Student: 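Below is one structure. I have some questions about it.
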Amino acid sequence: MDLHISKQKQLKGEVSIPGDKSISHRSIILGSLAKGRTRVQGFLESEDCLNTLRAFRQMGVEIRKVQPTEYLITGSGLYGLKEPDQVIDCGNSGTSMRLLTGLLAAQKFYSVLTGDDSLRNRPMDRVIEPLSRMGAQIWGRSGYYAPLSIRGTGLNGLTYTLPVASAQVKSAILLAGLYADGDIQISEPGYSRDHTERMLKGFGIELKKERTQILMPYEKERVLEAQDICVPGDISSAAFFIAAGLIVPGSEIYIKNVGINSTRSGILEVIKRMGGNLKILNQHLEGGEPVADILVKSSQLRGVTIAGEIIPTLIDELPIIALLASQAEGETVISDAGELRVKETDRIKAMVMELTKLGVEIIEKPDGMIIHGPATLTGGCMVDSHGDHRIAMTMGIAELLTREGLTMKDRQSINTSFPQFYELLRSLM
Ligand code: S3P
């Protein structure tokens, strides 16, 4: 597909960012398990989240759309889900598959989860392994690739140290743990996003958190109480507009309603270190999550080193950060980010391949990349999204800096997380 959005003089105006993908998934899951009616406002109507929504409808939960982005969930209670009479298709969504694996492992029924070509080739052992220690019965191709076949059963408590910081793994264990007959203790090697912990507490579940340690003590008959949830804008989507504002000369963009939870906002710190002109305004709490507006102006950026503890807090933003680095003066080194290789595509390989086509000096490392900037991007070529929404949007922003535009394979993969991407981008032109 070729959209011919090229060489923008400047981007100016205001955009409101659609709902957070991670929080939208969790609102459907916990709303479905609650007693009573949960109202979700600002739900992200992207393919990934709609896959989670359909999965719960398949399990008998009544989820009604009242108006755009607003849904009413009539919870089935913790023990009210029904056996799905069809395979559940998670599409491209790793979050749907991993969180559902945890939940389904504890149900009194049998279920099968599948996904698209990308998802069927992503490792599920990271959830199967701890869940099996709890007594779960899960089978997959070669042991751990979807389709996954799950025979729900009674589960034990678990004390577990995650080998890598992962919100999906932590959340799968916590969801299974709601049904376990013992305590759940999780320790993470870093700070992954904490939306599940926050939302579980909001629904009335006792959970203690100290730094990267979680304790969810055993409780006999748990009840989740229905909630009103206001989903903040997704910082991972806002990241593309922040980047565009920084690198398209003469730009000034006011980005409204962005979730700035510290387990997600590593990109803001990196941009400050790069010398980006960015202001965080109107900070407030919404439904237990910190939210703000962001004002960004085009800036002279400099290369930085990004490694260690900050990585899980910006893991989904690394493709767009690599593009920022290509426009920064000097060298940017990204390391400790081997997790990028098991996302919707191998994002290290994909970014190196695509930025090289655009004339960027970039070196692949096993756990990251080294980028030398600034580069003048060559347009007129064919780039590939690798079927990955975040690579597609990164290329969509890169295109703004090319004279001839780009032709992109699988541009529509953007719909996975941000169907309004081009509509909002055009509103700034
Ligand atoms: C997510 C967690 C992250 C992230 C993904 C969404 C979530 O994955 O990359 O896009 O909603 O829990 P990991 O938990 O595997 O790091």
Side-chain angles (χ1 to χ4, degrees), residues 19-30 43-44 46-49 51-53 55 90-103 115 118-119 121-131 144 160 162-175 186 188-200 212 214 231-232 234-240 259 261 263-267 289 309-321 336-348 350 367 387-394 413-414 416-418:
D20 186 276
K21 180 157 83 68
S22 295
I23 298 176
S24 293
H25 282 296
R26 288 157 173 82
S27 69
I28 295 289
I29 298 174
L30 297 194
F43 178 74
L44 174 66
S46 76
E47 283 175 4
D48 268 16
C49 300
N51 280 324
T52 292
L53 186 151
C90 301
N92 190 243
S93 176
T95 304
S96 309
M97 182 167 286
R98 296 203 175 110
L99 271 55
L100 278 173
T101 300
L103 179 66
S118 154
L119 188 53
N121 288 294
R122 292 181 67 187
M124 293 298 143
D125 48 341
R126 53 183 58 201
V127 287
I128 295 175
E129 210 268 319
L131 292 170
Y144 56 82
Y160 190 68
L162 267 62
V164 280
S166 163
Q168 292 178 352
V169 176
K170 169 174 72 176
S171 304
I173 297 171
L174 288 171
L175 290 172
I186 303 172
E188 277 195 282
Y191 289 94
S192 70
R193 63 196 68 194
D194 63 357
H195 308 301
T196 303
E197 297 94 298
R198 284 175 188 255
M199 208 183 277
L200 277 171
T212 52
I214 301 170
V231 181
D234 197 328
I235 191 167
S236 300
S237 299
F240 298 101
N261 178 322
T263 60
R264 298 286 300 281
S265 58
I267 184 171
E289 291 277 348
E309 264 207 340
I310 199 167
I311 293 291
T313 71
L314 47 65
I315 190 76
D316 290 344
E317 289 65 75
L318 285 170
I320 190 68
I321 289 175
D336 303 323
E339 274 293 293
L340 284 181
R341 295 205 181 271
V342 288
K343 294 296 178 187
E344 285 79 333
T345 188
D346 176 340
R347 287 183 175 159
I348 296 179
D367 65 342
D388 182 323
H389 52 130
R390 300 207 194 278
I391 305 290
M393 289 185 276
T394 300
S413 59
I414 287 172
T416 293
S417 65
F418 200 173

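As the structure lists them, so they are numbered: ligands from 1, and atoms in each ligand from 1. None of these values were measured; they are calculated from a predicted model. Reckoned from all heavy atoms, side chains included, excluding hydrogens, waters and symmetry mates.
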Student: Closer than 4.0 angstrom, basic N to acidic O: yes or no for R126 and E339?
Tutor: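 Looking at E339 together with R126, the answer is yes, because their closest N to O distance falls below 4.0 Å.
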Student: Not counting sequence neighbours, which residues clear salt bridge (Lys or Arg N to Asp or Glu O under 4.0 Å) with E197? List them please.
Tutor: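 By the salt bridge (Lys or Arg N to Asp or Glu O under 4.0 Å) rule, E197 matches K170, K209.
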Student: Would you call K170 a ligand 1 contact, heavy-atom distance under 4.0 Å?
Tutor: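 No heavy atom of K170 comes that close to ligand 1.
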Student: Any N or O on A167 sitting closer than 3.5 Å to an N or O of ligand 1?
Tutor: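 Between A167 and ligand 1, an N or O pair is found under 3.5 Å apart.
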Student: What pairs with E344 under salt bridge (Lys or Arg N to Asp or Glu O under 4.0 Å), at least two apart in sequence or on another chain?
Tutor: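 Per chain and number, E344 pairs via salt bridge (Lys or Arg N to Asp or Glu O under 4.0 Å) with R122, R347.
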Student: Among R26, R193, H389, whose heavy atom sits nearest atom 2 (C) of ligand 1?
Tutor: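 Result: the heavy atom closest to atom 2 (C) of ligand 1 is in R193.
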Student: Any nitrogen or oxygen of R390, main chain or side chain, under 3.5 Å from a nitrogen or oxygen of ligand 1?
Tutor: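 So ligand 1 has no N or O lying under 3.5 Å from an N or O of R390.
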Student: What distance separates L44 CG from C49 SG, expressed to the nearest 0.5 Å?
Tutor: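 So the gap between those two atoms works out to 4.5 Å.
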Student: Applying salt bridge (charged side-chain N to carboxylate O under 4.0 Å, His left out) between K21 and each of D48, D316, D234, report the one that passes.
Tutor: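 Between K21 and the candidates, salt bridge (charged side-chain N to carboxylate O under 4.0 Å, His left out) is satisfied uniquely by D48.
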Student: Name the closest protein heavy atom to atom 6 (C) of ligand 1, giving the residue it belongs to and the distance to 0.1 Å.
Tutor: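 Looking at atom 6 (C) of ligand 1, the protein heavy atom closest to it is T95 OG1, 3.4 Å.
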Student: Please determine, by modelled atom types, if H389 and S417 share a side-chain donor-acceptor pair under 3.5 angstrom.
Tutor: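 S417 and H389 do have a side-chain donor-acceptor pair below 3.5 Å.
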Student: Quick one: does ligand 1 sit under 4.0 Å from the side chain of K343, the backbone, both or neither, non-hydrogen atoms only?
Tutor: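 Just the side chain.
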Student: In terms of atom number and element, which parts of ligand 1 are under 4.0 angstrom from non-hydrogen atoms of D316?
Tutor: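 Once the distances to D316 are compared, the set is 4 (C), 5 (C), 9 (O), 10 (O).
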Student: So which protein heavy atom does atom 11 (O) of ligand 1 come closest to, and at what separation?
Tutor: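 The answer is S22 OG, 2.7 Å.
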Student: How far is atom 1 (C) of ligand 1 from its nearest protein heavy atom, and which residue and atom is that?
Tutor: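 Ranking protein heavy atoms by distance from atom 1 (C) of ligand 1, first comes Q168 NE2, 3.6 Å.
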Student: Do S171 and R26 have side-chain N/O donor and acceptor atoms under 3.5 Å apart?
Tutor: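 There is such a pair between these side chains.
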Student: Check this for me - ligand 1, E339, N or O atoms closer than 3.5 angstrom, yes or no?
Tutor: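 No.
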